[in-house]
Amino acid sequence: MSRLAPAFERARGSTGLVPFITAGYPSLEASVEMLMGFARLGARAVEIGIPFSDPIADGPEIQRASERALRAGVDVPKVLALVERVRQESEIPIVLMTYANPVLRVGLASFAARARAAGVDGVLISDLPPDESPEVWSALDEAGLDTIMLVAPTTAPGRLPLLIARSRGFLYCLARTGVTGQSAGDPAALPERLAALRRMTPLPLAVGFGISSGEQARALRGKADAIVVGAAFMRCVSEGPEHGAAGRVLALAGDLARALEG
């Protein structure tokens, strides 16, 4: 059974933090330190990005993180080994964020089975719509992995039922259009969008894209079930990858967690 639903159910009525990191940036050891630190801070879940050469949904911070991790040889097996290390010490829910290509290169059945065995709870494939490649979704379902769907401000109302029907664990609501860390648009419409989605689904709603400060996190307290923050953490790493990166990331995570607590 996935750890996502129980984690959100236990904290019903509060807004949690879901941190994202790119696996292996600045190193796999630092990734372990950050993930365990997030768990100690009480993060609702964590997202681990599988490095990919063409991350079209991501802004420059995560693109650079992926490039560096790839140069260091971080691939799907090493990401799954990272998950296994975290699982030795923590039951925090873990979501893999990836693109279709890394999944297909490993093989659908192999990826799904190995991810589940490593301790992954959910998978977000950001460039694969729910009505394409049904064999991918079937493989993830058969392995018992939650599938996280993205809902954007530009998502057509007619597609929302399809996205919601495909979603497990939580629904990822993009705060704005654009790429991670470089978003645009009017965030004032977000509360209305969240309210509309709540009328359509009992799934928890997580909001991401463009959230980087305690003030932004505080504005979503009580409106979303979780906020997803990633580019801001990778920006902290890039300030000095070789010196104190994990400490800076965890300091920001602490600030965000306190902002959500009130």
Side-chain angles (χ1 to χ4, degrees), residues 1-8 16-53 55 58 62 65-66 68-70 72-126 128 136-137 139-148 168-170 172 206 208 226 228-230 233-234 237 245-246 249-250 253:
M1 180 180 176
S2 167
R3 298 168 183 82
L4 284 167
F8 278 99
L17 175 65
V18 178
F20 166 97
I21 65 165
T22 298
Y25 180 65
S27 68
L28 289 169
E29 289 300 323
S31 294
V32 172
E33 185 178 350
M34 288 185 275
L35 291 166
M36 295 308 305
F38 294 145
R40 288 191 296 272
L41 286 169
R44 187 69 45 86
V46 293
E47 282 189 8
I48 301 175
I50 296 177
F52 181 50
S53 58
D58 293 305
I62 296 177
S66 281
R68 177 156 177 165
L70 287 170
V74 178
D75 55 11
V76 171
K78 289 184 179 179
V79 174
L80 295 179
L82 170 65
V83 174
E84 289 175 338
R85 289 183 63 184
V86 174
R87 274 288 165 260
Q88 292 173 6
E89 301 181 47
S90 176
E91 287 297 304
I92 190 168
I94 295 175
V95 174
L96 291 183
M97 188 280 185
T98 186
Y99 292 83
N101 186 267
V103 174
L104 297 174
R105 287 186 63 185
V106 172
L108 297 180
S110 177
F111 174 87
R114 290 164 68 182
R116 187 61 176 158
V120 173
D121 297 288
V123 178
L124 192 164
I125 304 178
S126 62
L128 186 63
V136 174
W137 306 116
L140 297 174
D141 286 343
E142 289 171 8
L145 293 163
D146 285 340
T147 50
I148 315 301
R168 311 283 189 273
F170 63 89
Y172 191 148
V228 183
V229 179
F233 292 134
M234 297 300 90
V237 174
V249 165
L250 293 175

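Note that this is a predicted model, so its numbers are computed, not measured. The chain is numbered in sequence order, starting from 1.
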*Asks:* To the nearest 0.5 Å, how far apart are CG in Leu41 and CG in Leu250?
*Replies:* 6.0 Å
*Asks:* With a 4.5 Å limit on heavy-atom distance, are the side chains of Met97 and Tyr172 in contact?
*Replies:* no
*Asks:* Answer yes when Glu142 and Arg116 have at least one side-chain N-carboxylate O distance shorter than 4.0 Å, and no when they do not.
*Replies:* no
*Asks:* Are Leu108 and Val103 close enough, and set up right, to give a side-chain contact (heavy atoms from CB on, under 4.5 Å), and what steps lead you there?
*Replies:* CA-CA 6 Å; Leu108 297 180; Val103 174; 3.8 Å; yes
*Asks:* Return all side-chain donor-acceptor pairs below 3.5 angstrom for residues 31-38, not counting sequence neighbours, or 'none' if the list is empty.
*Replies:*
residue: Ser31; atom: OG; partner: Gly24; partner atom: N; Å: 3.0
residue: Ser31; atom: OG; partner: Ser27; partner atom: O; Å: 3.0

*Asks:* Should we count CZ of Arg87 as having more than 12 external heavy atoms under 6.0 Å?
*Replies:*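 Yes, the 6.0 Å shell around CZ holds more than 12 heavy atoms from other groups.
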*Asks:* Are Asp146 and Arg3 close enough for a salt bridge, meaning some N to O gap below 4.0 Å?
*Replies:* no
*Asks:* What pair of heavy atoms forms the shortest contact from Ala206 to Val228, and how long is it?
*Replies:* CB-CG2, 4.0 Å
*Asks:* Given side chains that start at C-beta, do those of Pro19 and Val46 come closer than 4.5 Å, heavy atoms only?
*Replies:* yes
*Asks:* Measuring only between side-chain heavy atoms, which start at C-beta, is Tyr99 closer than 4.5 Å to Asp58?
*Replies:* yes
*Asks:* Test side-chain contact (heavy atoms from CB on, under 4.5 Å) on Met234 and Ile21 and set out the steps.
*Replies:* CA-CA 7 Å; Met234 297 300 90; Ile21 65 165; 3.9 Å; yes
*Asks:* Please examine the side chains of Ile92 and Arg44, heavy atoms only from C-beta on, and report whether any two atoms are closer than 4.5 Å.
*Replies:*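 They are not in contact (no side-chain heavy atoms under 4.5 Å apart), so the answer is no.
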*Asks:* Search all heavy atoms of Tyr25 against all heavy atoms of Ala65 and return the closest pair with its distance.
*Replies:* CD2-CB, 3.4 Å
*Asks:* Please name the pair of heavy atoms, one in Ser53 and one in Pro55, separated by the smallest distance, quoted to 0.1 Å.
*Replies:* C-CD, 3.4 Å
*Asks:* Would you sort out whether Leu128 and Trp137 count as a side-chain contact (heavy atoms from CB on, under 4.5 Å), showing the intermediate values?
*Replies:* CA-CA 10 Å; Leu128 186 63; Trp137 306 116; 3.7 Å; yes
*Asks:* Of Val106, Thr22, Val79, which meets side chain to side chain contact (heavy atoms under 4.5 Å, CB included) against Ile50?
*Replies:* Val79
*Asks:* Give, for atom CG of Leu96 and atom CG of Leu82, the distance between the pair rounded to the nearest 0.5 Å.
*Replies:*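 Leu96 atom CG to Leu82 atom CG measures 9.5 Å (nearest 0.5 Å).
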*Asks:* In Å, rounded to the nearest 0.5 Å, how long is the span from CG of Leu140 to CZ of Phe111?
*Replies:* 7.0 Å
*Asks:* Please report the interatomic distance CD1(Ile125) to CG(Leu104), rounded to the nearest 0.5 Å.
*Replies:* 8.0 Å
*Asks:* Any idea which heavy atoms bring Ala143 and Ala113 closest together, and the distance?
*Replies:*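 Between these two residues, the closest heavy atoms are CB-N, 4.4 Å.
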*Asks:* For Leu80 versus Ala115, what's the shortest heavy-atom pair and its separation?
*Replies:*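 Smallest interatomic distance, heavy atoms only, reads CD2-CA, 3.8 Å.
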